[in-house]
Amino acid sequence: MTMVSRFAASLAFWTMAVSAALIAIASLRFLALGVSASMDFVAHNLSGNALMLYMHIGIAPLALALMPFQFMTRLRACRPKLHRWMGRCYVAAILVSGLAGLQLAFHTTAGPFAATGFALLAVLWMLTTGIAVVFVLQRQIERHRAWMLRSAALTFAAVTLRVYLGSSMAAGLDFAIAYPLIAWLCWVPNAIVMEVYLQFVRPERSRLASATA
Ligand code: HEM
């Protein structure tokens, strides 16, 4: 890797890690302020669906906060046990908050288009993570990494959703129109970018690395 591409990769990683940490912390605001005051558009879940709501908003931030640590090469090499334990917590957090997120999707007030976007995201989130677990149990580490990267691209939807929501509000777009679109936009481009990286960029980087070794 050249100096420039190493700098670009490190900048991308730290932008991802810091934004994930900020959104994870901000998502726990309901602990101090309560759901009705801090997240009024999901507060309708409090009557009849409160457990699922708390399972999602209380546990999904853990998956988001843990995700960047799993891609720190030095941490993986020097503290493999810690990597494995954080990985188990990441997977458990996705299983619990993904199932709850799937249930919340069917209770969104934003209509069936938004519900389908969120529901598909929840299913793919659990599926990609589950496949990554199967591969690590089979000691197929390269495949485990690829599927964890796919899982991470979907976890990052929590960040992209809030970035697009903030931008659409700043641009004065109608929330009722923007929100259902964002329910898809928050994850489909993430998944496509990751797939392009896995299919084209990563193999090329490995080829160059082995050619210069
Ligand atoms: C990637 C899979 C995810 C799915 C499918 C999903 C699904 C949902 C759904 C359906 C809602 C309710 C929206 C509505 O009623 O209109 C919601 C709200 C919420 N989700 Fe997720 N979510 C995911 C990931 C995350 C992650 C990783 C976080 C961590 C920060 C998170 C934090 C929240 C919070 C805090 C809310 C309450 C509303 C808000 O403050 O934006 N979600 N999610």
Side-chain angles (χ1 to χ4, degrees), residues 1 5-6 8-28 56-57 59-77 79-80 82-102 117-138 140-164 182-206:
M1 246 208 256
S5 57
R6 202 170 297 162
S10 152
L11 186 69
F13 175 80
W14 284 108
T15 307
M16 180 276 288
V18 170
S19 58
L22 290 176
I23 295 293
I25 292 165
S27 295
L28 294 175
H56 185 71
I57 62 179
I59 295 176
L62 178 67
L64 184 61
L66 284 174
M67 182 264 283
F69 291 98
Q70 296 306 89
F71 296 101
M72 290 178 171
T73 319
R74 206 176 292 169
L75 189 83
R76 264 202 323 261
R79 308 285 304 273
L82 185 62
H83 171 78
R84 282 200 286 273
W85 273 108
M86 290 203 298
R88 286 179 191 124
C89 293
Y90 174 79
V91 171
I94 289 179
L95 188 64
V96 173
S97 65
L99 281 172
L102 180 61
F118 283 134
L120 200 56
L121 169 61
V123 170
L124 292 175
W125 198 32
M126 292 183 282
L127 195 67
T128 50
T129 313
I131 295 174
V133 171
V134 169
F135 279 130
V136 80
L137 292 176
Q138 294 177 348
Q140 300 201 47
I141 302 303
E142 267 316 300
R143 287 180 161 176
H144 165 69
R145 279 195 190 143
W147 283 94
M148 271 304 179
L149 281 165
R150 290 183 176 105
S151 161
L154 298 180
T155 306
F156 200 65
V159 175
T160 42
L161 180 134
R162 278 142 193 109
V163 170
Y164 300 152
I182 291 172
W184 289 86
L185 270 179
C186 69
W187 64 272
V188 175
N190 296 12
I192 294 173
V193 168
M194 184 52 75
E195 216 44 55
V196 169
Y197 171 75
L198 289 170
Q199 299 304 327
F200 303 106
V201 182
R202 210 163 74 133
E204 183 61 15
R205 269 175 53 178
S206 324

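Residue numbers run from 1 in the order of the sequence given. Bear in mind the structure is a predicted one, so any value in this text is a computation, not a measurement. Atoms considered below: every heavy atom in the structure, side chains included; atoms not considered: hydrogens, waters and symmetry mates.
No side-chain donor-acceptor contact under 3.5 Å links His56 to the backbone of Ala100. The main-chain N or O of Ala132 is found under 3.5 Å from a side-chain atom of His144 such that the two form a donor-acceptor pair. Proximity of a side-chain donor or acceptor of Arg76 to a complementary backbone N or O of Gln70 within less than 3.5 Å is detected. At distances below 3.5 Å, at least one donor-acceptor pair connects side-chain atoms of Ser19 with backbone N or O atoms of Thr15.
Taking 4.5 Å as the limit, some side-chain heavy atom of Tyr90 sits within range of a side-chain heavy atom of Ser151. Between Tyr197 and Leu149, some side-chain heavy-atom pair lies under the 4.5 Å cut-off. Under the 4.5 Å side-chain criterion, counting only non-hydrogen atoms from C-beta, Met148 is in contact with Thr129. For the pair Leu198/Arg150, a side-chain contact is recorded, criterion being any heavy-atom separation below 4.5 Å from C-beta on. Counting heavy atoms from C-beta outward, Val136 and Arg84 have side chains that stay 4.5 Å or more apart. For the pair Tyr164 and Val159, the minimum side-chain heavy-atom distance is 4.5 Å or more. By the 4.5 Å heavy-atom criterion applied to side chains, Phe135 and Arg145 are not counted as neighbours.
In this structure, Leu121 and Ala157 approach most closely via the heavy-atom pair CD2-CB, 4.1 Å. Closest of all the heavy-atom pairs between Pro61 and Ser27 is CG-CB, 3.8 Å. Summarising the geometry of Ile57 relative to Leu28, their closest heavy-atom pair is O-CD2, 3.9 Å, with the distance given to 0.1 Å.
Within a 6.0 Å radius of CZ in Arg79, other residues, nucleotides and ligands contribute 12 heavy atoms or fewer. Within 6.0 Å of CZ on Arg202 lie more than 12 heavy atoms contributed by other residues, nucleotides or ligands.
Between the CE atom of Met72 and the CG atom of Leu82 there is a distance of 11.0 Å, given to the nearest 0.5 Å. Atom CG in Leu64 sits 9.5 Å away from atom CD1 in Ile94 (nearest 0.5 Å). Interatomic distance, Leu11 CG to Met16 CE, rounded to the nearest 0.5 Å: 12.0 Å. Interatomic distance, Leu62 CG to Met67 CE, rounded to the nearest 0.5 Å: 12.0 Å.
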What side-chain donor-acceptor pairs closer than 3.5 Å can you find for residues 183-193, not counting sequence neighbours?
residue : atom : partner : partner atom : Å
Trp184  : NE1  : Phe113  : O            : 2.9
Trp187  : NE1  : Gly117  : O            : 3.2
Trp187  : NE1  : Ala183  : O            : 3.2
Asn190  : ND2  : Ala153  : O            : 3.1
Asn190  : ND2  : Thr160  : OG1          : 3.3
Asn190  : ND2  : Cys186  : O            : 3.2

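The side chain to side chain contact (heavy atoms under 4.5 Å, CB included) test with Trp147 singles out one residue from Val134, Ile131, Val133, and that residue is Ile131.
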**OP:** Take Leu99 and Met126 through the test side chain to side chain contact (heavy atoms under 4.5 Å, CB included) and record every step on the way to the result.
**Re:** CA-CA 8 Å; Leu99 281 172; Met126 292 183 282; 3.9 Å; yes

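Listed by chain and number, the residues in a ring pair (Phe, Tyr, Trp, His ring centres under 6.0 Å) with Trp125 amount to none (sequence neighbours excluded).
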